[in-house]
There are 2 protein chains.
Amino acid sequence: MEAATLKDIARELNISVSTVSRALRDSYEINPETKRLVMECATRLNYRPNPIALSLKGSSSKALAVVVPQIANYYFSQAINGIEEVAQQRGYDVIIFQTHETYEREVAALRQALARRVDGLLISLSSETSTVAHLQEFQQHAPIVQFDRVSSQLATPRVVADNFAGAYAATEHLIKTGRRRIAHLTIQPWLSITQERLAGYRAALEQNCLAYDETLVRFGTFGPNEVGPLVDELLALQPPPDAFFTASDRLAVGCLAALRQRRLRIPADVSLIGFTNLTVADMLAPALSTVEQPATDIGREAVARLLDIIERKHRAAPPATVTMPTALHVRESTSLMDLTP
Amino acid sequence: MEAATLKDIARELNISVSTVSRALRDSYEINPETKRLVMECATRLNYRPNPIALSLKGSSSKALAVVVPQIANYYFSQAINGIEEVAQQRGYDVIIFQTHETYEREVAALRQALARRVDGLLISLSSETSTVAHLQEFQQHAPIVQFDRVSSQLATPRVVADNFAGAYAATEHLIKTGRRRIAHLTIQPWLSITQERLAGYRAALEQNCLAYDETLVRFGTFGPNEVGPLVDELLALQPPPDAFFTASDRLAVGCLAALRQRRLRIPADVSLIGFTNLTVADMLAPALSTVEQPATDIGREAVARLLDIIERKHRAAPPATVTMPTALHVRESTSLMDLTP
DNA sequence: TTTATTTGCGCAATCGTTGTCGGTAACGTT
DNA sequence: AACGTTACCGACAACGATTGCGCAAATAAA
């Protein structure tokens, strides 16, 4: 059973294809009786408009592109979950691209998305991306909404977690539990989220009369075996840090592993808090304090914005930034400092 | 800058569209010199064939559909990672659908996929799915490869983990560490993976002269708060279980939480092993023994099979089953039984 | 009755690409 | 000189849907 087309209906009813098309779109210039016949026949033949033909015709492809650095990542898989949910609800399909954190693959992904004539793009920038010419080029064809890793050079709506507030809360919490030398392990310095978190961290320090010490802050793209050496470096400082604040899932887990490997007691020797979406955070040893980002909601919100632009044809979209609240979860890894020697 | 089309090249060179088309496809009936000109012009205009037009023409859409119950799931996000990687390498885009474990959304997803004229389908069945008519229907249009949750009623290649061996190894390991009353928490009984794991569990028991006790086996779709009561039920048995073997990520974590909440010592009172893809398994408290499935490899293998069928046009694909080895990771949660009272 | 106007529908172009067919030279063969 | 080959290229239709335009018939207004 092949998919029914307008032509099939037209043949069946001995009318022209154009009449069928108009009847289905409820055009005023079609006889109500004819409409009824066409509708009936369409449901009988289980007619569905061919999205490919529609795309070619140039109207809309009913498909969205999602470009993220990685799928196999707690944060992004949750975000995509939210995106797919809302998109599907509103009749759009989602095409996924991974950049694996490279600029090159990001460009390739955009090219693909363009070729597919997607109606819009949701993107979280790769860590290599520092220019946005490729995105501006894309923007001339379809609207973009950025989420999580966003660039301010690009005029689009942005949906992000409240990174400043989250980092501020985490840092302040560490200070209130008696920590004074707080190391911050974070990702590439040019990313918006890195800067915002760093700013929050710094603001909390200064609000609490602690000096900002840049030797305590480390940036990087930390592979599986790169966190250990870094932790060693930090621990060699005088005085050594008494707390670690990490900026991603990978870093939190890597740091936890490194600290445990080095037989440091958490939180007795150092405390640890992460910016993560680990659902198992409270099952870790020790239970990991975290700043949780509403990843699913960020996905939902981002795609909702995008679809509003697409459907209301607000081409000149308000490049507003939506900030979603983060939540501080205090667990064992940041208990009060043990002051007994 | 709009995307260049054949027409643009044709106009530029004052030749016909068909000639351009053939020149680019390196047809024998085009003058080498003309070909050169066309090629040069094509690269200059940055021409890319329009996949939409190609799809409409009926040849191939260069897109694959992936249908999974959930994206935000350690196992599936890793599998999709593998799928996307290989697909992208071989020039195919991936369209993702989530069924949220419902038959209805699975049918809807297949309909969408069909409308998009995808060249093939990778599917892991929803837990509600018991009939495969919708898949057979789909099969008449494009090839299917099943992975993980597969149905034997459907003649397609299948790529799965070695569930029997994995479950056997886990169970045997529990027995060798002194356990005798091994509970098995698993998912819906009609799923292939459930049955295979159950069979492996049972075989290991019987090989070791332990009776299979069906009151120790529980099936279900365990929501966030459903694991607790179940654990209570099992612990009320006489004698109570001294080990838990769970069949999924969610169950392993849920069970761990429930046991800890009830102040049972792991592994002193009970030991616990999961069938999971948790990357943080050895960071949990206690470090969780697991049977690890090669999710990424399963994804890679499945998509490779599918693309082979698509490209070699082996429509009558060998419905072979590829079994990928699992790995037993012994950690703290299944240490030797403590025999001191 | 003649002229407007409305109603209802079909024709044909369009989107980008490919396949079928046919045509025109230039050449070689008798 | 007449014919067949070969090499090369263009016109056209088709995929499925939308849309501007035109055309006929029916109705309304003159």
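Within every chain, numbering begins at 1; the chains are lettered A, B, ... in the order of the sequence lines, protein sequences first and strands thereafter.
- Side chains of A:Thr129 and A:Ser126: a donor on one and an acceptor on the other come within 3.5 Å.
- More than 12 heavy atoms of other residues, nucleotides or ligands lie within 6.0 Å of CD in B:Gln89, so this atom counts as buried by the packing criterion.
- With distances taken from any side-chain atom of A:Val17 to the nucleotides C:dT18, D:dT18, C:dG8, the minimum falls on D:dT18.
- If you check every strand for non-hydrogen atoms under 4.0 Å, B:Ile52 touches nothing.
- The CZ atom of A:Arg25 sits 9 Å away from the C1' atom of D:dA17 (whole-angstrom rounding).
- At a threshold of 4.0 angstrom between heavy atoms, the contacts of A:Thr5 are confined to the sugar-phosphate backbone, with no base atom among them.
- Between A:Ser21 and D:dT18 there is a side-chain polar atom (N or O) within less than 4.0 angstrom of OP1 or OP2.
- Looking at heavy atoms from C-beta onward, B:Val132 lies in side-chain contact with B:Ser151 at the 4.5 angstrom threshold.
- Here B:Ile30 lies in heavy-atom contact (under 4.0 Å) with sugar-phosphate atoms only.
- Rounded to a whole Å, the CZ atom of B:Arg22 is 7 Å from the C1' atom of D:dC9.
- Whole-Å rounding puts the A:Leu24 CG to D:dT19 P distance at 13 Å.
- A:Lys62 has its NZ atom 15 Å from the C1' atom of D:dA17, to the nearest Å.
- Set against D:dA17, C:dT17, C:dC9, the side chain of B:Leu54 has C:dT17 as its closest nucleotide.
- Atoms CG and CG, on A:Leu122 and A:Asp148 in that order, are 12.5 Å from each other to the nearest 0.5 Å.
- Across the protein-nucleic acid pair, A:Ile9 atom CD1 and D:dT18 atom P stand 11 Å apart, rounded to whole Å.
- Between the CD atom in A:Gln98 and the CG atom in B:Asn81 there is a gap of 4.5 Å [rounded to 0.5 Å].
- Between the NZ atom of B:Lys7 and the P atom of C:dA13 there is a distance of 13 Å, given to the nearest Å.
- Taking every side-chain heavy atom of B:Leu56 into account, D:dC15 is the closest of C:dT14, C:dC9, D:dC15.
- For D:dC9, the OP1/OP2 oxygens have no side-chain nitrogen or oxygen of B:Thr19 closer than 4.0 Å.
- Between the CG atom of B:Leu6 and the P atom of D:dG10 there is a distance of 13 Å, rounded to whole Å.
- In this structure, CZ of B:Arg36 is placed 13 Å from P of D:dC9, rounded to the nearest angstrom.
- Among D:dA17, D:dC8, C:dG8, the nucleotide with an atom closest to any side-chain atom of A:Lys57 is D:dA17.
- Taking only distance into account, the side chain of B:Ser18 meets the base of D:dA11 through a donor-acceptor pair shorter than 3.5 Å.
- The phosphate of C:dC9 has neither OP1 nor OP2 within less than 4.0 Å of any side-chain N or O from A:Tyr28.
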